[in-house]
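See structure below.
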Amino acid sequence: MPELPEIANLAHQMQAELVGKTIAGIEVLQPKCLNVPEADFVAALAGAKVCAVTYRGKWLRVETTQGWLFVSLGMGGETLLVTRETLPEKHRLLFDFDDGTTLSINFWWFGYAHYAPLDDVASHKMTAKLGPNALEVTADDLRALFKGRRGRVKSFLLDQSKIAGIGNFYIHDILFAARLHPLRTINTLTDTEIDALACAIHTNLRGALDRGGASYEVDLHGQNGTYTMEDVVIGYKEGKPCPVCSTEIEKIKTGSTSSFICPQCQPLER
DNA sequence: ATAAGTGTTGCGCA
DNA sequence: CTGCGCAACACTTA
């Protein structure tokens, strides 16, 4: 489940490795992940030279001389720099470069590889509507974003059009560090709690990014991250004692997703 | 072996 | 418009 730390890491490596390479060929094994007909996609990007690779939230943004390539790994997948000789078994999309290397992209079910023209990036709605990168959001930004909202704090943090990059893996520890119950409504949050939340978002994502992302995800070279379940404080630790107060950690349903909380440290009622 | 649970995003509904 | 539940269908674990 790639979230901001994994994507940021990938974008950084792709920037270092891919810039200057020319796309010699494109092979699409799953056309439904594209936003344009396969023939148009191939025609648009074949022969293009990579200019820069950046990210926004969970999206990779590859700028080429002939247009933008936007990639979202959805609920999990790999983006690997290999050769035709070392091709992984599973791949949905292949970009062959002029130097003999190949970018192999795979995702389980929900993943996108989208094209947008250079002169109209805004035509790609999915990236155009993304909020600011979670790592760059300050407490004052949060206060401004929260103004007039009435929803749950967890739903808000997962809404990529408000803040981009937080997913259902890192959010458990973020809310715990801020001592907030996921179902707290936004208009009940105090200034102190918002300060703690901004701090928690930054500390958590930065910590995972510095370790190369989650250990179950691989980077551009197939290396696993070093952010392990030992680094996770409360997420997926159902039944274990809370590290702060030793109360048993609970798994609860929060809308259509699950949440892991310490009922003592993260009370719903204040 | 069969089935449930899991991450993400867009869309339909009140 | 906004918040919320659900569907899309791959792969791991019970």
Side-chain angles (χ1 to χ4, degrees), chain A residues 1-11 29-36 55-61 70-80 88-93 104-114 116 123-131 133-134 144-175 181-189 204-205 208 213-218 224-225 227 229 232 234-239 250-261 268:
Chain A
M1 330 102 191
E3 298 180 21
L4 188 141
E6 292 79 32
I7 299 300
N9 194 37
L10 264 180
L29 292 92
Q30 189 188 50
K32 83 178 176 84
C33 70
L34 307 177
N35 62 332
V36 293
Y55 75 95
R56 181 80 166 274
K58 300 165 192 171
W59 283 84
L60 290 166
R61 307 194 298 175
F70 296 118
V71 176
S72 167
L73 294 179
M75 294 201 186
E78 305 87 45
T79 304
L80 296 166
E89 265 185 54
K90 287 167 189 169
H91 51 264
R92 305 285 167 93
L93 207 58
S104 164
I105 299 176
N106 177 52
F107 23 68
W108 300 2
W109 20 310
F110 241 47
Y112 301 118
H114 288 176
S123 67
H124 188 250
K125 294 288 188 294
M126 286 190 188
T127 52
K129 72 179 191 182
L130 290 175
N133 269 335
L145 287 163
F146 283 164
K147 208 166 178 59
R149 306 270 166 198
R150 297 192 167 274
R152 316 284 195 181
V153 67
K154 183 182 181 184
S155 310
F156 185 93
L157 293 177
L158 291 178
D159 186 339
Q160 303 298 300
S161 68
K162 308 295 191 303
I163 303 173
I166 303 173
N168 203 42
F169 179 73
Y170 292 107
I171 197 163
H172 309 300
D173 279 11
I174 290 174
L175 289 171
H181 190 286
L183 296 181
R184 283 285 300 282
T185 49
I186 285 166
N187 56 345
T188 67
L189 298 183
N204 183 265
L205 295 181
S215 59
Y216 52 79
E217 295 287 349
V218 297
N224 287 89
Y227 191 85
M229 287 314 287
V232 175
I234 203 158
Y236 310 95
K237 309 263 177 163
E238 184 185 9
E250 288 179 5
K251 177 181 183 178
I252 59 170
K253 276 285 170 193
T254 46
S256 48
T257 64
S258 294
S259 291
F260 296 85
I261 60 158
L268 185 51

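Here is the naming used below: chain letters follow the sequence lines, and residue numbers restart at 1 for every chain. The structure displayed is predicted, hence computed values, not measured ones. Keep in mind that the numbers below use all heavy atoms, side chains included, and drop hydrogens, waters and symmetry copies.
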Listed pairs, N/O of protein and of nucleotides 11-14 of chain B, under 3.5 Å:
none

Please list each protein N or O that sits under 3.5 Å from an N or O in nucleotides 10-14 of chain C, with the distance.
unit_1, atom_1, unit_2, atom_2, d
C:dA10, O4', A:W108, O, 3.3
C:dA10, N3, A:W109, NE1, 3.0

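Secondary-structure annotation of DNA chain B gives the stems B:2-6 with C:10-14, B:8-14 with C:2-8, with a stem taken as at least 3 successive Watson-Crick or G-U pairs whose two distances both fall under 3.5 Å.
Place A:F260 and A:L158 on DNA chain B by their nearest nucleotides, and A:F260 ends up nearer the 5' end. Mapping A:Y112 and A:K251 onto DNA chain B by nearest heavy atom places A:K251 closer to the 5' end of the strand.
Sorted by first and then second residue, the salt bridge (Lys or Arg N to Asp or Glu O under 4.0 Å) pairs involving residues 159-168 of chain A (not counting sequence neighbours) are A:D159-A:K162.
Looking only at distances, a side-chain donor or acceptor of A:K237 sits under 3.5 Å from a matching main-chain atom of A:M229. Using modelled atom types, no side-chain atom of A:E6 and backbone atom of A:L4 make a donor-acceptor pair closer than 3.5 Å.
Listed nucleotides: B:dT9, B:dT8, B:dG5. Nearest to the side chain of A:E3: B:dT8.
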Run the side chain to side chain contact (heavy atoms under 4.5 Å, CB included) check on A:L175 and A:V153 step by step: do they pass? CA-CA 9 Å; A:L175 289 171; A:V153 67; 4.1 Å; yes

Candidate pair A:T127 and A:R56, rule side chain to side chain contact (heavy atoms under 4.5 Å, CB included), full reasoning: CA-CA 8 Å; A:T127 52; A:R56 181 80 166 274; over 6 Å; no

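Taking A:K147 as the reference, nothing meets the side chain to side chain donor-acceptor pair (under 3.5 Å) condition, with sequence neighbours excluded. Here A:A208 pairs with A:P5, A:Y170, A:Y227 under the side-chain contact (heavy atoms from CB on, under 4.5 Å) rule; sequence neighbours left out. Taking the side-chain contact (heavy atoms from CB on, under 4.5 Å) definition, one finds that A:S215 meets it with A:T228, sequence neighbours left out. For A:R152, there are no side chain to side chain donor-acceptor pair (under 3.5 Å) partners, not counting sequence neighbours. In this structure A:T257 satisfies the side-chain contact (heavy atoms from CB on, under 4.5 Å) test together with A:K154, A:N168, A:T254, sequence neighbours excluded. Scanning for ring-ring contact (aromatic ring centres under 6.0 Å, His included) contacts around A:F260 gives A:H172, A:Y236, with sequence neighbours left out. Looking at residues two or more places apart in sequence or on another chain, you find a ring-ring contact (aromatic ring centres under 6.0 Å, His included) between A:H124 and A:W59, A:F70, A:H114.
Computed from coordinates, the A:K125 NZ to B:dG10 P distance equals 12 Å when rounded to whole Å. What separates CZ of A:F70 from P of B:dT9 is a distance of 15 Å, to the nearest Å. Note: CG (A:L157) to P (B:dT9) measures 14 Å, nearest angstrom. We find that CZ of A:F169 is positioned 14 Å from P of B:dT6, with the value rounded to whole Å.
Considering all non-hydrogen atoms of both residues, A:G167 and A:K58 come closest at CA-NZ, 3.5 Å.
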A correct 5'-to-3' footprint of nucleotides 2-7 of chain C, with B, S and - meaning base, sugar-phosphate only and no protein heavy atom under 4.0 Å, is SSSSB-

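Taking only side-chain nitrogens and oxygens, A:S258 comes nearer than 4.0 Å to OP1 or OP2 of B:dT6.
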